[in-house]
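Below: one structure, written as structure tokens.
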Amino acid sequence: MQPLGSDPGPFAAPADPVAAGVRVDAALERALDRLGDELPDLGIAVGHRLIAAGDEQALDDAEARSIASMVVAVRRASGTARLVARDLMARFGHRGCAVPKTASGAPAWPAGLIGSLAHDERVAVAAVALRRSVAALGIDVEPASPLPDEVLELVATERERPVVAGEPLRARLLFAAKEAVYKAVYPLDGLFLDFHDITVDLAGRTALVTNGRRLDLRFACATHVVALAYTAAADDGPAIRSGAG
């Protein structure tokens with residue numbers, strides 16, 4: 001991973017590799033590999049896939065029914081994310097499993113697994129782990145482009161603003177981290193969090209929620225930035241409640 005605040009390269013998207021039949025972003029793949037090397041031995045698997053026409057057909061009947069939007073781009077990205085998830089779940093012996101949305105919008109994982117999905121307009125990512133090892137898990141992906149000032153005002157607390165001031169990549173990482181934290185803790189607590197309910201320490205790679213939950217963070221930076229938020233099962237307090245994941 002590039003050091004926080006370093007230049008990730010031009011903010012323009014690279015040539016579309018999907019047109020050439022390539023379904024991975026090589027730079028992002030390397031960055032995710034490095035992210036995996038930095039994780040503790042919790043068995044968290046992370047992957048990605050470039051979104052392509054036809055991926056909406058990857059949704060099985062249960063998944064398709066659970067996604068309310070009929071916009072093709074939305075269903076296509078959701079299909080891509082589930083293709084990534086199925087590859088990761090197979091590593092844990094869960095092959096061909098569906099990942100429909102619950103009423104809350106969170107994905108429903110097979111028994112024994114916990115995971116998270118995310119996508120932007122170009123790429124989908126997923127993270128999967130065993131519930132006995134990981135209590136909370138969230139992932140987000142964002143383009144490696146500057147975060148608009150008006151969005152930063154909504155996202156950053158007074159304490160966080162000096163850390164990301166003038167640092168476009170740090171600001172985007174901050175946004176992605178808070179999105180990943182929300183996805184990780186919502187299945188446990190059922191709380192709708194505001195951005196300011198989460199305080200992120202980018203240098204320390206940790207996040208603290210106002211209800212006292214503390215999560216670890218890891219980042220991958222390339223053509224996109226990926227934020228992973230997690231808590232080991234042994235580190236989670238007695239307040240944990242089962243959720244859909």
Side-chain angles (χ1 to χ4, degrees), residues 17-18 21-26 28-69 72-120 122-141 180 183-184 186-188 218 220 224 226-233 242-245:
V18 171
V22 179
R23 296 303 303 271
V24 298
D25 180 313
L28 183 57
E29 183 83 351
R30 291 191 295 270
L32 290 175
D33 286 344
R34 291 192 293 271
L35 181 154
D37 291 341
E38 296 174 356
L39 287 169
D41 188 18
L42 295 174
I44 299 174
V46 181
H48 85 286
R49 187 178 177 96
L50 296 173
I51 298 167
D55 282 356
E56 62 274 16
Q57 301 302 321
L59 297 170
D60 80 354
D61 289 344
E63 293 168 340
R65 288 193 301 269
S66 71
I67 298 171
S69 175
V72 173
V74 173
R75 300 180 75 82
R76 179 172 296 160
S78 297
T80 309
R82 283 158 176 80
L83 287 171
V84 181
R86 284 197 262 278
D87 285 344
L88 299 180
M89 290 189 292
R91 301 182 192 181
F92 297 96
H94 293 258
R95 299 184 181 278
C97 294
V99 186
K101 280 189 174 184
T102 63
S104 71
W109 299 91
L113 294 183
I114 187 171
S116 184
L117 308 173
H119 65 80
D120 69 354
R122 181 173 176 267
V123 66
V125 296
V128 177
L130 293 173
R131 283 191 180 274
R132 67 170 181 261
S133 300
V134 177
L137 185 61
I139 196 169
D140 190 52
V141 61
K183 291 181 180 182
Y186 180 79
L188 299 180
R218 294 294 185 271
H224 289 69
V226 174
L228 185 73
Y230 65 92
T231 301
S242 61

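Numbers here are sequence positions counted from 1. Just so it is clear, the model here is predicted, and its values are computed rather than measured.
Taking every heavy atom of both residues into account, A184 and A229 meet most closely at CB-O, 4.1 Å. In terms of heavy-atom proximity, A81 sits nearest to A126 at O-CB, 4.3 Å. Closest heavy-atom contact between P110 and H94: CB-ND1, 3.7 Å. What you find for L117 and P107 is that their closest heavy atoms are CD1-CB, 4.2 Å. A77 approaches A124 most closely through the heavy-atom pair O-CB, 4.2 Å. Residues V128 and A85 approach most closely at CG2-O, 4.5 Å, considering heavy atoms.
With rounding to the nearest 0.5 angstrom, the CG atom of L83 is 11.0 Å from the CG atom of L88.
Residue pairs meeting the side chain to side chain donor-acceptor pair (under 3.5 Å) criterion with at least one member in residues 78-89, sequence neighbours excluded: D55-T80, E63-R86. Sequence neighbours left out, not one pair with a member in residues 89-116 passes salt bridge (charged side-chain N to carboxylate O under 4.0 Å, His left out).
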Note to self: Apply side-chain contact (heavy atoms from CB on, under 4.5 Å) to residues L137 and L228 and explain how you reach the verdict.
What the structure shows: CA-CA 7 Å; L137 185 61; L228 185 73; 3.8 Å; yes

Margin query: Please determine whether side-chain contact (heavy atoms from CB on, under 4.5 Å) holds for the pair L32 and V226, giving the CA-CA distance in whole Å, both sets of side-chain angles, and the decisive distance to 0.1 Å.
Written below: CA-CA 8 Å; L32 290 175; V226 174; 4.2 Å; yes

Item checked: Check against side-chain contact (heavy atoms from CB on, under 4.5 Å), H119 and V125 -> CA-CA 6 Å; H119 65 80; V125 296; over 6 Å; no

Next item on the list: Applying side-chain contact (heavy atoms from CB on, under 4.5 Å), run through L130 and L113 and close with a yes or a no.
Entry: CA-CA 5 Å; L130 293 173; L113 294 183; 3.7 Å; yes

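Checked against ring pair (Phe, Tyr, Trp, His ring centres under 6.0 Å), F92 has no partners two or more places apart in sequence or in another chain. For D120, the side-chain hydrogen bond (donor to acceptor under 3.5 Å, both in side chains) partners two or more places apart in sequence, or in a different chain, are H224. Checked against side-chain contact (heavy atoms from CB on, under 4.5 Å), A64 has the following partners two or more places apart in sequence or in another chain: L59, R75.
Of the possible polar contacts, none joining the W109 side chain to the I114 backbone as a donor-acceptor pair under 3.5 Å is found.
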Scan the side chains in residues 40-51 for donor-acceptor partners under 3.5 Å anywhere in the protein, sequence neighbours excluded, and list what turns up.
| unit_1 | atom_1 | unit_2 | atom_2 | d |
| --- | --- | --- | --- | --- |
| H48 | ND1 | E29 | OE1 | 3.1 |
| H48 | NE2 | D25 | N | 2.8 |

